[in-house]
Amino acid sequence: MSLLALEALEVAYGGIRAVKGIDLAVESGELVCLIGANGAGKTTTLRAVTGLVPAAGGRVLYDGADISRLRVHEIARRGLALVPEGRGVFPQLTIEENLAMGAYARSERSAVRADEERVYGLFPRLKERRRQTAGTLSGGEQQMLAMARALMSRPRLLALDEPSMGLAPIMVEKVFEVIRAIAAEGVTLLLVEQNARLALETSHRGYVLEGGLVTLQGEARALLGDPRVREAYLGE
Amino acid sequence: MDTFLQQVINGLTLGCVYAVVALGYTMVYGIIQLINFAHGEVVMIGCMTAFSVIVALAGSGLPPIAIVLLGTSAAVPVCMIVGYVIERVAYRPLRNAPRLAPLITAIGVSIVLQHLALLVWSRNIIAFPQIIQLKLFRLGHSDTSAAISNVQVAVIVASVVMMAGLLLLVHRTKVGIAMRATSQNPLVAGLMGVDVNRVISFTFVVGAALGAVAGVMVGTYYGIAHYQMGFLLGLKAFSAAVLGGIGNLAGAVLGGILMGLIEALGAGYVGDFTNVCFLDKFLPGFSNACFASPESSLFGSNYKDVYAFIVLILVLVFRPSGLLGERVGDRA
Ligand SMILES: Nc1ncnc2c1ncn2[C@@H]1O[C@H](COP(=O)(O)OP(=O)(O)OP(=O)(O)O)[C@@H](O)[C@H]1O
Ligand SMILES: [Mg+2]
């Protein structure tokens, strides 16, 4: 059984369908990427999965249960975390407080404390600045914080929406390094990216989204070699 | 000097009450950007509820302090329920409506609460039984020295305790961090597992509890209550919140205390400032009233209520973000 399965998922904004019936599955332990041009419906798909927008049709199965009628916080509490597009850090909370929000649904204090040390190990920059407000961080540091915060919830499935957006190449490298480290720890990942090459090189499998529909899917390596992908997304 | 000191003491007392009420406005505004105009009525209901309990127990032989505390402990839960119901019934369905809709609803809720109070407590001005013996502590040696009363001390101490408690709640507890996170980005707060609706309800309930205590303080301090008392009190506290920077807790405290001081000093000195008798020197016979009383002034202390509105207008014109208001760019 897949950890996450979308079945004919449709999402509409005020009557206009942005996602037009997609099927997608993520197995436990996998790293799956979703690539596509601007406006293809990638963010909308993640919003529907996390309950931020209602599904207009189809189902979202997580761990075998249909979660498409649940509220945002109920889905989050089942271990499905999202690092949203644009990071969504709380700018006036300190870095520590942002991390505490990540662990909001957890009660085991000592485990939370241990995880805090663990994410500071991944992102030493955050530890240095832990009493500063998140609004004072650079874009790259905010991305690190958003990922660290999501990890604080100990997610079973972590969805990342364009984590490399707007970052300098060296920061992009760092972000992908962390993504590989998270995957190596056994967290299941659903990665949305515009940087198709890097995403496919990092993932096990991939889906290509166009105009709200899945047009291609398969092993990441196979997609990297597919002439249609090479032409449209790898700039060859 | 004694008059000045006395007005400062009176102003601080009043300012503490305004600050506690202003916190209710500013908390709700901070979390859902709604001006809850019905908050003044919540304070009124707190005052009235305490009044009913105090009247019922006045002859019971219990110590006066115990009676007032019992009145307060009845007012607080009643107001918490009222605050919860207002949000649930009137504001939540309009969460995503254009801003004007909840604003008009808030005014409607005010009117409904006033009329419910009218049904329960009548349209008359209600005199609070003066069960607490007023004690004055003189701050000087003469009988005309400024003095602070036991009620004033109690009002100030209770207010400071509540304000400190609220700051601790908001900055040091998990639910407090969730409140601030929700005010900055409710969608992301939801992604963190925060039940945003519960946090919003909690904010209303805490604000209403503070309002209830403020109501009891107003009742015991002034000794009277009326079903429409929430209107002016609410408007002044709201002006105080705007003065401090709406949405900012420290701002509400600062704004409230300043508002109390401005009002008390204004009331104490407005007569002197607007005394027109000196004009007689230049224009003999300018004011016949000056023969009758050299104290003749254009405005007397009954004009004290205008200060809040002068302040509100000045703030809105010259510094709409308030004294401690955040720059708009800080909001995500
Ligand atoms: N809140 C909204 N209201 C109306 N239409 C929207 C809304 N959000 C997105 N859309 C539309 O839905 C479609 C899909 O948008 P979406 O944000 O999912 O694309 P995306 O694949 O994430 O693009 P990008 O790579 O630019 O982030 C677009 O046509 C967009 O204009
Ligand atoms: Mg997007």
Side-chain angles (χ1 to χ4, degrees), chain A residues 14 43 46-47 49-53 70-107 109 112 131 133-137 142 145-146 148-155 158-161, chain B residues 26-27 29-33 88 92-93 95-98 167-203 245-252 321-322 324-332:
Chain A
T43 297
L46 292 188
R47 280 196 197 133
V49 167
T50 50
L52 289 170
V53 291
L70 296 184
R71 292 177 52 210
V72 180
H73 71 275
E74 293 167 333
I75 295 173
R77 281 162 179 260
R78 292 183 178 211
L80 203 167
L82 169 68
V83 175
E85 197 173 37
R87 291 128 202 174
V89 300
F90 301 111
Q92 278 131 272
L93 298 190
T94 64
I95 286 156
E96 269 179 345
E97 288 171 336
N98 268 278
L99 293 180
M101 284 308 296
Y104 183 78
R106 297 173 60 188
S107 51
R109 283 198 150 187
V112 169
R131 292 188 204 286
T133 55
T136 65
L137 296 177
Q142 289 192 13
L145 176 59
R149 184 180 63 180
L151 289 177
M152 289 299 294
S153 68
R154 283 254 165 183
L158 175 59
L160 301 161
D161 196 348
Chain B
T26 230
M27 283 168 70
Y29 186 87
I31 208 144
I32 51 170
Q33 289 75 52
R88 193 64 248 265
R92 190 176 299 181
R95 191 78 56 73
N96 298 315
L167 287 179
L168 278 180
L169 173 79
V170 168
H171 288 278
R172 289 280 175 270
T173 67
K174 204 163 169 177
V175 62
I177 300 175
M179 285 166 79
R180 288 186 291 141
T182 302
S183 93
Q184 288 168 44
N185 194 335
L187 290 182
V188 177
L191 288 175
M192 304 289 115
V194 175
D195 184 344
V196 170
N197 283 337
R198 269 181 67 177
V199 169
I200 292 171
S201 290
F202 181 77
T203 307
I246 190 136
N248 182 310
L249 296 182
S321 61
L324 303 185
E326 39 196 68
R327 282 161 294 131
V328 179
D330 287 351
R331 277 212 100 82

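Quick note: numbers below take in every heavy atom, side chains included, and nothing from hydrogens, waters or symmetry partners. Below, read A as the first sequence line, B as the second, and so on, with proteins coming before strands; counting in each chain starts at 1.
No more than 12 heavy atoms of other residues, nucleotides or ligands lie within 6.0 Å of CZ in B/Arg88, so this atom counts as exposed by the packing criterion. Heavy-atom contacts from other residues, nucleotides or ligands closer than 6.0 Å to CZ of B/Arg198 number 12 or fewer.
Nearest heavy atom pair, residue B/Val194 against residue A/His73, reads O-CB, 3.3 Å. Nearest heavy atom pair, residue B/Ala181 against residue A/Leu93, reads CB-CD1, 4.0 Å. Nearest heavy-atom pair, B/Asn185 versus A/Gly88, reported as atom, atom and distance to 0.1 Å: ND2-CA, 4.5 Å. Nearest heavy atoms, A/Ala76 versus B/Gly193: CB-N, 3.7 Å.
Under the 3.5 Å distance criterion, the side-chain polar atoms of A/Gln92 are left unmatched by any main-chain donor or acceptor of B/Gln184.
In this structure, chain B has no heavy atom under 4.5 Å from any part of A/Ala81.
Ranked by heavy-atom pairs under 4.5 Å with chain B, the first of A/Leu82, A/Asn98, A/Thr133 is A/Leu82. Note: B/Asp195 leads B/Leu187, B/Asp195, B/Val196, B/Asn197 in heavy-atom pairs under 4.5 Å with chain A.
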query: Between A/Leu52 and B/Leu191, does a side-chain contact (heavy atoms from CB on, under 4.5 Å) hold up when you go through it step by step?
result: CA-CA 8 Å; A/Leu52 289 170; B/Leu191 288 175; 4.1 Å; yes

field: Steps toward side-chain contact (heavy atoms from CB on, under 4.5 Å) verdict (B/Met192, A/Arg149)
entry: CA-CA 9 Å; B/Met192 304 289 115; A/Arg149 184 180 63 180; 3.5 Å; yes

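A/Tyr104 has its side chain within reach of B/Lys174: a pair of non-hydrogen atoms, C-beta onward, lies under 4.5 Å apart.
With sequence neighbours left out, the salt bridge (charged side-chain N to carboxylate O under 4.0 Å, His left out) criterion links A/Arg106 to A/Glu108, A/Asp115.
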